[in-house]
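Heads up: the structure comes next, in structure tokens.
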Amino acid sequence: MVSPSVVHWFRLDLRIHDNLALRNAINEAENRKHILRPIYVIDPEVKNRIGKNRLRFLIQSLQNLDTNLRKLNTRLYIIKGMATVSLPKVFENWNVKYLSVQVDIDPEYVAQDEVIEKFCEENDIFVVKRVQHTVYDVQGILKKNNGSVPLTYQKFLSLVRDQQVRECIELNKKLSDCCKPEDIESNDYDIPSLEELGIEESCLIECKYQGGETEALNRLNMYMAKKQWVCAFEKPNTSPNSLEPSTTVLSPYISHGCLSAKLFYHKLKQVECGNRHSEPPVSLMGQLMWREFYYTAGAGTKNFDKMVGNSVCTQIPWKKNDAYLQAWAEGKTGYPFVDAIMRQLRQEGWIHHLARHMVACFLTRGDLWVSWEDGAKVFEDLLLDYDWSLNAGNWMWLSASAFFYKYFRVYSPVAFGKKTDKEGMYIRKYVSELKKYPTEFIYEPWKAPKSVQTAAGCTIGVDYPKRIVDHDKIHKENMQKMSAAYKLNKEKKSLKRPRSD
DNA sequence: TTCAGCGTTGCTTAG
DNA sequence: TCTAAGCAACGCTGA
């Protein structure tokens with residue numbers, strides 16, 4: 001008979017620190033003298049679902065997690081295959097008695113949970129699920145709001161104002177040898193390389209953001225040491241087109257769970273304490289609260305990542321246009337600022353929040369009239385910090401489908417970038433075809449006379465695309481379409497509402 | 001039921 | 001270099 005095991009299933013909690021579910025598993029293994037097996041499930045076809053950069057970040061995070069687990073006298077076991085297929089077999093082989101896991105609201109995990117929990121119930125495996133990916137228990141917040149979703153940020157803040165946030169959990173005690181399995185050195189459970197997953201590392205550009213908990217904590221501590229900077233932080237005053245990020249880039253670490261949102265919260269509280277500091281929504285704490293806001297909305301709304309069947313989302317008749325979508329996704333719209341942003345995203349996996357505003361507005365209500373769902377899929381592929389709730393929530397915001405309604409405020413692909421980068425240095429970096437263009441034409445190269453284009457070595461329509469739409473004209477037409485969609489939406493709503501007369 | 005007040009981050013022009 | 005007004009006028013919250 002195989003010795004009984006305790007499993008902690010890592011998903012979006014790729015860390016040792018402040019991991020309540022992991023601590024539960026360790027305690028359980030120690031108390032019962034069972035074998036502890038921390039696992040991560042990876043589908044060999046994963047490269048078809050997530051982009052190369054994010055996959056590299058994930059593999060680095062797993063490697064770091066394994067290193068940190070070994071310091072605790074255990075390791076990470078990689079299970080290959082679909083979780084719903086491979087886990088039942090593995091649990092039988094290992095004689096698993098106890099499973100701990102973090103609660104994740106991404107539908108992908110919710111669907112897996114249903115299958116795995118049913119299997120566990122039928123096989124007398126005790127399952128412990130812990131809410132630890134957010135600062136607050138979003139279900140509790142929804143309950144406090146009478147089961148409905150808070151539709152404004154201010155409303156959300158009022159709901160969490162008096163909520164206590166539990167302290168972080170420290171985990172540094174080494175595991176007893178009796179919890180170690182015999183096959184701890186087996187290569188059968190090693191982390192696959194990028195090559196094994198079908199990605200040639202040589203086709204990726206130099207890694208700008210190294211994945212993993214160790215890097216996450218270093219980055220957090222580096223920024224928290226800059227107390228004045230933290231206290232003065234105001235998001236709208238940071239630049240979307242600086243050559244190096246003007247914000248912390250902690251997001252990929254939080255989305256993968258390399259960094260605990262609660263740890264970030266407590267560190268921020270420490271830095272703010274006793275000092276004059278900026279406030280939400282613009283402060284750093286405010287940024288963390290935006291994440292909580294979208295998680296609450298995502299948890300409380302059916303079909304949150306879709307337009308149809310989504311109660312918070314205004315129905316807008318977007319048009320399918322693969323040519324526009326592709327030009328946008330590849331950074332070939334002919335608008336240098338938009339293209340620079342999309343190329344930075346593709347190369348580096350991260351762009352500034354306001355840059356996301358610019359390109360999301362451009363794809364949807366601003367210029368191309370393509371559905372936010374299509375844009376969200378491209379972001380899912382390319383962003384290191386992809387997060388189900390935040391991605392859908394922000395796309396709805398920018399397309400004025402939910403949370404934000406002033407559709408007549410449209411970002412200009414020419415004017416917006418100039419505010420923080422007059423010379424167009426950011427464009428020169430990411431749209432290198434235009435790097436020799438005179439500043440006068442860097443945001444509007446189609447206006448450059450032929451002689452200037454020739455002198456700069458880049459002819460518009462040959463070396464760099466002609467702009468695919470005329471922003472000045474089309475954004476006004478789109479505003480009319482938005483107005484019509486809102487009007488229709490309002491009529492439908494008033495029909496649904498029961499009338500007293 | 002109604003309505004004033006308000007909302008992280010628009011652009012352009014005039015002064 | 002900064003501020004304010006005009007553009008045309010949204011929905012949510014709470015009294």
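All chains are named by letter (A, B, ...) in the order of the sequence lines, taking the proteins before the strands, and each is independently numbered beginning at 1.
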For [X], answer base if it contacts any base atom (sugar-phosphate contacts may also be present), sugar-phosphate if it contacts only those atoms, and nothing otherwise; contact means non-hydrogen atoms under 4.0 Å.
| X | result |
| --- | --- |
| A:K235 | base |
| A:E234 | nothing |
| A:L354 | base |
| A:K419 | sugar-phosphate |
| A:F416 | sugar-phosphate |
| A:V282 | base |

Could you state the [atom1]-[atom2] distance from [X] to [N], rounded to the nearest angstrom?
| X | N | atom1 | atom2 | result |
| --- | --- | --- | --- | --- |
| A:Y407 | B:dT9 | OH | P | 17 Å |
| A:F404 | B:dT8 | CZ | P | 10 Å |
| A:N237 | B:dG10 | CG | P | 12 Å |
| A:L151 | B:dT8 | CG | P | 13 Å |
| A:N145 | C:dT13 | CG | C1' | 11 Å |
| A:K406 | B:dC11 | NZ | P | 14 Å |
| A:M482 | C:dG11 | CE | C1' | 12 Å |
| A:M358 | B:dC11 | CE | C1' | 12 Å |

The reported gap from CG in A:N145 to CG in A:L159 (rounded to nearest 0.5 angstrom) is 4.5 Å
By the Watson-Crick or G-U definition, both distances under 3.5 Å, C:dA9 is matched with none
Taking a pair to mean Watson-Crick or G-U wobble geometry with both distances below 3.5 Å, B:dC3 pairs with C:dG14
Open item on the list: Between A:E380 and A:K377, does any side-chain N to carboxylate O distance fall below 4.0 Å?
Closed with: no
Looking only at side-chain atoms of [X], point me to the closest of [options].
| X | options | value |
| --- | --- | --- |
| A:H353 | B:dG10, C:dC12, B:dT8 | B:dT8 |
| A:S483 | C:dA9, C:dG14, C:dC10 | C:dA9 |
| A:P236 | B:dT8, B:dG10, C:dC10 | B:dT8 |

In A:Y437, A:Y335, A:Y464, the residue satisfying ring-ring contact (aromatic ring centres under 6.0 Å, His included) with A:W446 is A:Y335
Paired with A:W395, the ring-ring contact (aromatic ring centres under 6.0 Å, His included) test is passed by just one of A:W372, A:F379, A:F304, A:F404, namely A:F379
Under 4.0 Å between a side-chain N or O of A:R409 and OP1 or OP2 of B:dT9? yes
If we take the [atom1] atom in both [N] and [M], what is their distance in whole Å?
| N | M | atom1 | answer |
| --- | --- | --- | --- |
| C:dG11 | B:dC11 | P | 22 Å |
| B:dG7 | C:dA9 | P | 22 Å |
| B:dA14 | C:dA8 | P | 16 Å |
| B:dT1 | C:dT13 | C1' | 14 Å |

* Asked: Distance under 6.0 Å and angle within 45° of the ring axis: does A:K481 meet both against A:W369?
  -> yes
Result for 5'-nearest mapping on DNA chain C, choosing between A:K422 and A:Q480, is A:K422
Look only at the side chain of A:S432 and the backbone of A:K435, and say whether a donor-acceptor pair between them is shorter than 3.5 Å.
no
Quick check, does A:W290 stack with B:dT8? I mean ring centres under 5.5 Å and planes off by under 30°. yes
